[in-house]
Each structure stands twice: as C-alpha cells, then as structure tokens.
Amino acid sequence: MAEQHDRVLAALELREPDRVPVMGMVTDYTSMGEILGKRPLPLGLFFSNRVMARVTDLLASIDNYAAFVRLAMDSFTRGSVAAAVKMGYDAIWVFYLPTWRYLNSREVRDIYGRMWEADLDSRGNLKSPMYRKGLITSPEDWRAWPKEDIFRLPALYNRIFRRLQREYGDRIFMFASFSAGLFELSWQCMGFERFVMAARKEREFIERMVRFYADLYSLIIEAVADAGIPGVIYSDDLAYRSGPMLSPKLYEEIFGEAYRRIVDTAHGQGMKIVMHSCGNVYDLLEWFVDCGFDGVHALEPTAGVDLAKVKEMVGDRICLVGNMDVTHVLVDAGREEVKEAVRRSISAAGAGGGYIIAPTNSHESMTVRNLRWMVEAAERCGRYPLGEM
Amino acid sequence: MEDYLGYLDRVKRALADLEVDEINPLLKGALEAGVKAPDLLNAMSAGMEVVGRRFEAGEYFLADLVLAGEEMKEGVEVLKPHLSAGDTGGKGAVVMCTVKGDIHDIGKNLVCIMLSSAGFKVVDLGVDVPAEKVVEAVRGNSAFAVGLSVLLTTMVGSIGEVVEALRSAGLRDSVKIAIGGACTTQELADRYGVDALGRDAVEAVRIFSGWAA
C-alpha cells in the first residue's frame with residue numbers, strides 16, 4: 001500500500017508517521033482547472049448567459065436531465081481526485097453529490113427536500129448551490145416525500161468510488177462523504193426555526209427522519225467500503241462561531257444513537273471515520289470521542305478554536321485534522337505567513353502523531369498558490385521526529 | 001395589584017425558562033384579567049433578557065435563543081390587537097439584512113427578533129440585499145444603525161459596497177454599522193471601516209443599545 005495511506009492511517013491511529021500528513025479538498029471548477037492545467041468546462045454560461053440559461057430551463061424539464069447532471073458530477077469528482085493527487089496531498093475529502101436536481105437555471109432542489117440557488121464564482125464558474133429553504137415541514141410531508149432517488153444512492157456511490165479507488169487509490173487516501181450530516185439534513189429539510197420547535201414539540205417526527213438517514217448512511221458506508229475506500233468524513237455542522245447550535249445534551253438525545261451506529265458501521269467495515277463540524281466545537285469534543293470517531297476536522301481558528309488546547313483536551317484519544325485558516329492564510333497571505341501558520345499548527349498538534357494538517361473548509365477564493373505553499377511547508381516542517389519549532 | 005404583578009412575573013419566567021407551551025395561554029389569561037398589553041410585552045422582553053444572559057453564561061445554546069425568539073413572535077401576535085404603534089420600536093430604527101450574494105439567514109433572523117424584543121423598530125430587508133436597498137431603507141425609515149450579516153467568505157466584499165453606498169449617499173456619518181456572521185473578524189471590520197463586530201445575537205443587542213443610548 002502507498003506511503004500516503006500508511007502516513008494517514010498512522011496519524012488516525014495516533015501513531016507517529018514519517019511526517020504530518022496533508023489533507024485537501026477540491027470543490028470548485030476554477031481550482032481544479034488550474035491544478036490540472038485545463039480550462040474548466042464553461043458550465044457557468046448555462047446559468048449566467050441569458051440565451052444559454054433558457055437552454056438550461058428547457059433541458060431541466062426533460063426527464064433524463066438528472067442523468068446528465070449526474071454525469072457532470074461524476075466527471076467533477078474524478079477531476080477533483082486527480083487534482084488532489086497532483087497537489088501532492090496525502091488524503092482527500094471527496095465530494096460526490098449526485099443529489100442535485102436543477103429545476104431551471106436558478107433553482108436547485110435536492111433529493112432530500114432542500115431548495116438551493118444556483119451560484120457562480122467570481123470567475124463565472126459553477127460552484128456549489130446556496131441553501132435557500134426546506135420543503136419537508138410536517139410528518140405528512142415527510143411520509144409523502146419521494147424516496148426512490150435516495151434509495152439509489154448506495155449503488156451510485158459504489159460505482160464511482162470503485163472507479164476512483166482503482167484509478168487513484170494507490171496514490172492518495174480517500175475519505176468518502178455524504179451530502180450532509182443528520183443534524184444538517186433534518187434542520188435544512190424544514191428550516192432552522194421549524195426544526196427547533198419540532199425538536200421540542202414533535203420529537204418523534206425528527207427522530208423518524210434521523211433513523212431513516214442513519215440507515216441510508218450505513219448503507220452508503222458499506223457501499224464505499226465494498227469499493228475499497230479506507231475512510232469516511234461524516235460532515236455535520238453542529239456549531240457556529242460561539243459554540244454548539246443545540247445543547248450537547250440535546251445532540252445526544254436526538255442524534256447520539258444514530259451517530260454511534262454510523263461510526264460502528266464504518267469500523268465494522270474496517271474503515272476510519274472522521275467527524276467534521278465547522279464552528280467552535282470545544283463543548284462537543286468529548287462527545288465525538290465518546291461516539292467513537294477516529295478524527296475530528298475543521299478546528300477553525302476564526303471560530304476561536306485553539307489547536308493546542310484541543311490537543312490537550314482530547315489529542316490522546318482522537319486524531320486532529322484541519323486548523324488551516326481559509327479566510328486569510330489560504331486566500332491572500334504571503335508565502336512566509338503560510339509557512340508560519342503551518343509551523344504553528346504542527347507545533348500545536350503534531351507531537352506524538354495524531355495530527356493531519358488541512359484547510360478548515362473549501363471555497364473558491366482560496367488560491368492554488370497558497371495551498372501549494374501549505375503542502376510545501378508541511379513537507380519541510382512536518383518530518384518526525386519534530387525538531388524545535 | 002398582586003395578581004397584576006404575578007401575571008407579569010409568570011410571563012417573564014415562562015419565557016426565561018423556555019416553557020413554550022405556557023406562554024400563549026398565560027398571555028390570553030392575563031389580558032382577560034385586565035393586564036395591559038404593553039406591560040405584558042415588557043415582561044416578555046425582560047424574559048428575553050434573561051434568556052440572553054443565560055446564553056452568554058453558556059447555560060443556553062443557539063437553539064434556545066431561537067426557541068425563545070419564536071415564542072416571543074407568537075406572543076406578540078397574541079398581544080398585537082391590544083398594542084398601539086407607540087408601544088413598540090421606541091429605541092429607534094435599525095435596518096438589518098444579509099448582504100448581496102449571501103442567502104443565509106438564521107443569525108440575521110435571530111438578531112432581528114432579539115432587537116425587536118429589546119424595543120427597536122427592525123426593518124428586515126431579508127437576504128441577498130444590494131447596497132442601494134440598504135441606503136433606501138435607511139433613508140425611508142430614518143434608521144440610526146445598520147446590521148449586516150454575512151456567512152460566506154466570498155461575499156465579504158458586499159460589506160464594503162454597503163459602507164461605500166452609505167458614504168456616497170451622505171448618510172455614513174449619521175448611521176452606525178455593525179457586522180456579524182461566521183466569516184466576520186475584527187480585521188474585516190477594520191478593513192471596511194464598520195463600527196462594530198458582533199459575535200452573536202446577544203452581543204448585537206448590546207451594541208445597538210449602546211448606540212441608541
């Protein structure tokens with residue numbers, strides 16, 4: 001097995017690898033094109049140009065349009081992994097979302113019952129749509145919501161990840177991921193205010209939805225494990241900059257059992273599983289450990305997360321992943337500043353292993369140049385045994 | 001008198017303790033017993049203040065603030081027929097929005113509710129709002145402050161557009177601007193020359209109250 005695999009696995013198992021591994025994500029056409037030296041497909045024109053947008057409006061009404069969007073998604077996902085390999089990442093968080101249904105050139109609905117708005121980046125390239133609202137606001141809506149497309153997901157994941165593993169599995173450690181975690185999915189299906197009220201007054205409605213998606217995610221994990229993928233990133237934004245959105249007690253009550261089931265499924269398949277949450281997660285770290293996650297990702301400095309403090313709190317029980325700032329360091333900082341940020345993070349969390357350096361998130365304003373500097377600095381500063389830093 | 005004050009205390013405590021099923025029946029009962037709607041509104045605001053303090057102390061979480069806000073909204077609906085225009089919004093008008101290019105609204109909505117309950121007239125322009133709309137609303141409502149919410153790092157430039165539009169319209173000196181949202185930092189506030197950065201809805205109320213004083 002490749003050195004990247006061993007390096008990442010060692011870190012996840014809280015052992016010292018040869019050096020601190022680097023994980024990345026490639027989530028936009030602009031960066032992918034730049035890394036691969038290819039011009040991105042001008043898909044943005046189908047949304048921004050008035051005439052082409054009319055074509056999209058017409059295409060969207062055709063029955064097999066979903067298949068066309070899925071092909072574009074397959075192509076994007078393969079390109080993103082190829083780009084990650086070329087960047088020299090040891091691991092990639094792979095985004096594969098065959099869940100969008102473009103209703104027209106402006107509106108996107110996903111198969112989970114969320115409405116989104118089509119969006120372009122500053123260079124006119126297509127990027128991830130922006131969440132607008134939920135369509136499932138009552139138990140009746142949930143019962144009636146069509147689920148055929150949802151049931152097809154495990155097979156789709158197996159097909160694409162089998163191909164990815166065959167093509168790139170010997171050069172990079174892949175973490176598969178889902179569209180959103182159980183908390184995000186359940187609140188976004190109905191809107192946050194409605195979710196909060198339902199969690200208080202209609203708990204059974206929420207719990208039924210959570211059980212359904214825990215079943216689905218367990219099936220998807222089995223499907224990607226069958227494809228040979230070694231890891232999963234379970235992404236569920238539970239916190240914002242001041243702390244958790246719900247109380248830790250409520251998270252445990254509503255999601256605890258489902259989280260443990262997802263973790264146990266991954267471990268049962270011999271996979272590693274990393275929890276991702278944006279925001280200030282101090283109050284949730286013990287819970288992540290208790291649920292059995294192998295790693296925790298994001299650890300955002302802009303949300304006030306101090307990596308050294310996290311290392312002290314849980315670093316002997318869970319691998320820390322992330323902490324590279326995406327508001328300045330990986331956007332418009334100079335080379336020395338990037339190097340210093342990498343050095344600081346490795347110094348805070350690298351001792352004894354158990355740290356994977358990575359951006360806290362991904363967006364199109366991050367520059368490929370700065371990401372390369374991050375990789376370069378990690379290769380220089382991250383060799384074990386770590387020297388004086 | 002004892003009953004009168006008892007009703008007010010129970011309304012305040014029900015909201016503060018997030019006893020969500022109790023508030024509306026309590027308000028209806030109090031109105032029937034002759035308790036004045038503006039006093040009940042003040043009692044709910046006092047309850048929201050307690051919620052804010054408990055949030056800052058780490059006892060309550062974002063969802064608790066939202067829950068209290070939703071109850072406050074429902075309570076105001078019960079009181080509305082008994083309130084006159086002068087009973088609300090006495091601390092002045094604040095224009096609130098999520099900036100152009102961004103459509104996230106949880107934080108913005110929460111700040112709106114908290115400001116309303118603290119006695120401000122809130123002009124909520126919604127999400128994805130261009131700078132010129134903000135200028136129009138400030139002028140049309142004689143607002144003394146603007147609150148801008150932004151979650152997406154890629155949209156922070158829209159903050160600068162609002163600041164510039166207010167300056168061009170000759171309103172910048174008479175209007176305070178606060179920003180908040182996941183990607184906002186003090187560095188960003190300094191870069192665009194805004195007056196304050198709010199970490200959360202409770203801090204936002206403190207900032208705007210300070211300016212209104």
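Both backbone and side-chain heavy atoms feed into the values below; hydrogens, waters and symmetry mates do not.
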Point-to-point distance, once rounded to the nearest 0.5 Å, from CE of A:Met245 to CG of B:Leu65: 13.0 Å
Top of B:Thr185, B:Leu151, B:Leu18 for chain A proximity - count of heavy-atom pairs under 4.5 angstrom: B:Leu18
Nearest non-hydrogen partners of B:Thr184 and A:Arg241, listed with the distance: O-NH1, 2.6 Å
Heavy-atom side-chain proximity of A:Glu193 to B:Asn109 below 4.5 angstrom: yes
Interface moiety of A:Asp283 toward chain B, non-hydrogen atoms closer than 4.5 Å: side chain
Reported CD1-to-OH distance for the pair B:Ile106 and A:Tyr131, which is rounded to 0.5 angstrom: 7.5 Å
Atom pair CE/OG of B:Met155 and A:Ser365 - distance to nearest 0.5 Å: 8.0 Å
Value rounded to 0.5 Å, distance of OG1 in A:Thr302 from CG in B:Leu188: 11.0 Å
Toward chain A, the part of B:Gln186 with a non-hydrogen atom under 4.5 Å: neither
Which portion of B:Tyr60 sits near chain A, non-hydrogen atoms under 4.5 angstrom: neither
Residue pair A:Pro248 / B:Phe61: nearest heavy atoms and the distance that separates them: CD-CZ, 3.3 Å
Heavy-atom contact with chain A under 4.5 Å, split by part of B:Val127: side chain
Shortest non-hydrogen contact between B:Gly101 and A:Met130, atoms and distance: O-CE, 3.1 Å
Heavy-atom closest pair, residues B:Val20 and A:Arg200: CG2-CG, 3.8 Å
Identify all side-chain donor-acceptor contacts of residues 39-53 of chain B below 3.5 Å with residues at least two apart in sequence or on another chain.
from: B:Asp39; atom 1: OD2; to: B:Tyr4; atom 2: OH; distance (Å): 2.6
from: B:Asn42; atom 1: ND2; to: B:Pro38; atom 2: O; distance (Å): 3.4
from: B:Ser45; atom 1: OG; to: B:Leu41; atom 2: O; distance (Å): 3.1
from: B:Ser45; atom 1: OG; to: B:Ser117; atom 2: O; distance (Å): 2.5

Pairs of heavy atoms under 4.5 Å with chain A: top-ranked of B:Glu71, B:Glu70, B:Glu59: B:Glu70
A:Glu312 atom CD, over 12 foreign heavy atoms within 6.0 Å: no
Partner residues of B:Asp9 under the side chain to side chain contact (heavy atoms under 4.5 Å, CB included) criterion, sequence neighbours left out: B:Arg13
Over 12 foreign heavy atoms within 6.0 Å of CD, A:Glu257: no
Close side-chain approach of B:Asp128 to A:Glu117, heavy-atom, < 4.5 Å: yes
Toward chain B, the part of A:Val331 with a non-hydrogen atom under 4.5 Å: neither
A:Leu246 versus B:Ala63, closest heavy-atom pair with distance: CD2-CB, 3.2 Å
Atom NZ of B:Lys80: over 12 foreign heavy atoms under 6.0 Å: no
